[in-house]
Amino acid sequence: MNVLIIGSGAREHALCWAAERSERVTVVFVAPGNGGTALMGGKVRNLPLKATALEDLLQFARENAVELTIVGSEQPLELGIVDLFRSAGHTIVGPTQAAARLESSKLFSKDFMERHRIPTAAYHVFRDATTARRYIGQPQNVYPQVIKASGLCAGKGVFIAINKEEALRAVKDIFDDRIFGDAGDEVVIEEFLQGQEASVFVLTDGIKYRLFLPAQDHKRIGDGDTGKNTGGMGAYAPAPVVTSEVMRRVEDRIIRPTLKGMADEGYPYTGFLYVGLMIDNGEPSVVEYNARLGDPETQVVLPLIKSDFIAALQASVDGTLDEVPFEMHEKSAATVVIASAGYPDHYEIDKPITISPDVAAMENCYMFHAGTAIREGQPVTAGGRVFSVTALGDTLRESIERAYRVVEKISFEGAYYRTDIGAKGL
Ligand code: AMP
Ligand code: GLY
């Protein structure tokens, strides 16, 4: 079959890689893809279509016998791509617009968790600056407080305020200066959760679900979790903080109630569900839901799947998820993100990239491109996060060491990466 993958990051490069390996797949189209997917050749073809050009994507799928579409990024989900494709009779993996509110509206997701008694941080909702300021002014508030714009903000909509002044500044940024536009029309202020973060992904048909291996992201720019939040600087899986006992609690208290609650309320959740967790003394609570796979976590969880990933996706749309294998390698994986100097703030692009030729011969190592483009046949930088370099190993330590060995073979002016990816897991 022909498949269509929507998005342009390292996550979508990894999805292309997984799709290409499936014996069922003839052609993998990726819209718009990146420099890495352009270099793949074989079954993979980049399309000059934006991830948000829904009508153009549907027309392409119609005219090119696309049998399965996989949505990587959140914007097309919020715009209703799943509803559009389904109404035209096309098979697509993802949640409807109503179900994607678990990510696109923090207000919806917090109220949903409250309705279904799913553990999460205590919260208040605000629709104007005056009421938010009055709340922040209360002497009994304990800091840090977490202040979140409700809508989609590309991972930038969360402020961890360590005192009242920072909380007031966040309220000014969101309500007065409208730095997130309409996405900041509603604000959630919530309790700061202690513990270790982890990401658990499920693939679901609305009732049945299959679990990926639990992963841990590294959101801060600097070693030792210091500095600004980023889209994610590296990840590893499986994350030992999610023991089998913790995973059982996550399934009982979070995953099953979430799927049942969404179905009961009339918008069954289909596709990938990302459950962002805080785990404190073995007790999980939800930090956030996302309506898609994580980036960079995808770059470690997909290479650890042993069975045919596309067969599982097809089963999820056929309602036969319990009939297909969803087996994992008994290995660990680590991915290290290489970014442009200055990221997550201002950075330069168009830096020529040199990759040592011996990388190609390294087994179980994968270079997933994020912000790259091809200029006159040569890769150049084209974004903040440039590569996500994954390696598998028999142990977490081995996978980390192997990933860093590959990282050293990639160079461009200003290349930056964290040197402690996975250290928490050791
Ligand atoms: P979100 O976009 O909701 O995932 O938030 C981004 C990051 O902010 C999370 O990955 C956490 O590191 C942090 N964060 C968000 N909410 C909380 C919370 N209630 N307590 C502690 N940290 C949080
Ligand atoms: N890795 C965080 C995210 O994908 O939202």
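Indexing begins at 1, ligand by ligand and atom by atom, following the structure's order. Since the structure is predicted, the reported quantities are computational estimates derived from the model, not experimental observations.
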Could you list which atoms of ligand 1 come closer than 4.0 Å to a heavy atom of Phe192? 20 (N), 21 (C), 22 (N)
Suppose I only count heavy atoms of Tyr274 and a 4.0 Å limit; which atoms of ligand 2 are within that range? 1 (N), 2 (C), 3 (C), 4 (O)
If you measure from each non-hydrogen atom of Lys106 to ligand 1, which part falls under 4.0 Å: side chain, backbone, both or neither? side chain
So, Thr372 and Asn34: side-chain donor and acceptor under 3.5 Å apart, yes or no? no
Is there a heavy atom of Gly294 sitting under 4.0 angstrom from any atom of ligand 2? yes
I need the contact type for Asp217 against ligand 1. Using non-hydrogen atoms and a strict under-4.0 Å cut-off, is it side chain, backbone, both or neither? neither
Just which atoms of ligand 2 are under 4.0 Å from any heavy atom in Asp217? 1 (N), 2 (C)
Grab the two heavy atoms, one from Glu166 and one from Ala161, that are nearest each other, plus how far apart they are. OE1-CA, 3.6 Å
Heavy-atom count around Lys50 NZ within 6.0 Å, excluding the residue itself: above 12? no
For Asp177, is there an ion pair with Lys172 - N to carboxylate O distance below 4.0 angstrom? yes
Report yes or no: is the cationic atom of Arg101 (NZ for Lys, CZ for Arg) closer than 6.0 Å to the six-membered ring centre of Phe108, at no more than 45° off its axis? yes
Can you report which non-hydrogen protein atom sits closest to atom 13 (C) of ligand 1, along with the distance? Ile160 CD1, 3.8 Å
Assess the side chains of Tyr274 and Glu103: does a donor N or O sit below 3.5 Å from an acceptor N or O? no
Measure Leu193 to ligand 1 on non-hydrogen atoms and call it side chain, backbone, both or neither using the 4.0 Å cut-off. both
Ranked by distance from atom 16 (N) of ligand 1, the top protein heavy atom is Lys148 NZ, 3.0 Å
Determine whether a donor-acceptor pair (N or O, by modelled atom type, separation under 3.5 Å) exists between the side chain of Arg385 and the backbone of Val337. no
Any N or O of Glu297 closer than 3.5 Å to N or O of ligand 2: yes
Number the atoms of ligand 1 from 1 as they appear, then name those within less than 4.0 Å of a heavy atom of Met278, with their elements. 21 (C), 22 (N)
On a heavy-atom basis, the closest approach of Ser109 and Leu102 is CB-O, 3.3 Å
Does atom CD of Glu245 have more than 12 heavy-atom neighbours from other groups under 6.0 Å away? yes
List the closest protein heavy-atom neighbour of atom 5 (O) of ligand 2: residue, atom name, distance to the nearest 0.1 Å. Arg292 NH2, 2.9 Å
So, does Gln194 sit close enough to ligand 1 that a heavy atom of it is under 4.0 Å from the ligand? no
Provide, to 0.1 Å, the distance between atom 5 (O) of ligand 1 and the closest protein heavy atom, together with that atom's residue and name. Val158 CG2, 3.3 Å
Glu288, any N or O under 3.5 Å of ligand 2 N or O: no
Side-chain ion pair, Lys43 and Glu20, N-O less than 4.0 Å: no
Would you say the side chains of Thr270 and Arg86 form a donor-acceptor pair under 3.5 Å? yes
Subset of ligand 1 atoms that lie under 4.0 Å from at least one heavy atom of Val146: 16 (N), 17 (C), 18 (C), 19 (N), 20 (N)
With heavy atoms of Asn290 as the reference, note each atom of ligand 2 found under 4.0 Å away. 5 (O)
Would one find an N or O of Glu190, backbone or side chain, under 3.5 Å from an N or O of ligand 1? yes
Counting non-hydrogen protein atoms only, what is the nearest one to atom 12 (O) of ligand 1? Give residue, atom name and distance. Glu197 OE2, 2.4 Å
Any Lys/Arg nitrogen of Glu283 or Arg253 sitting under 4.0 Å from an Asp/Glu carboxylate oxygen of the other? yes
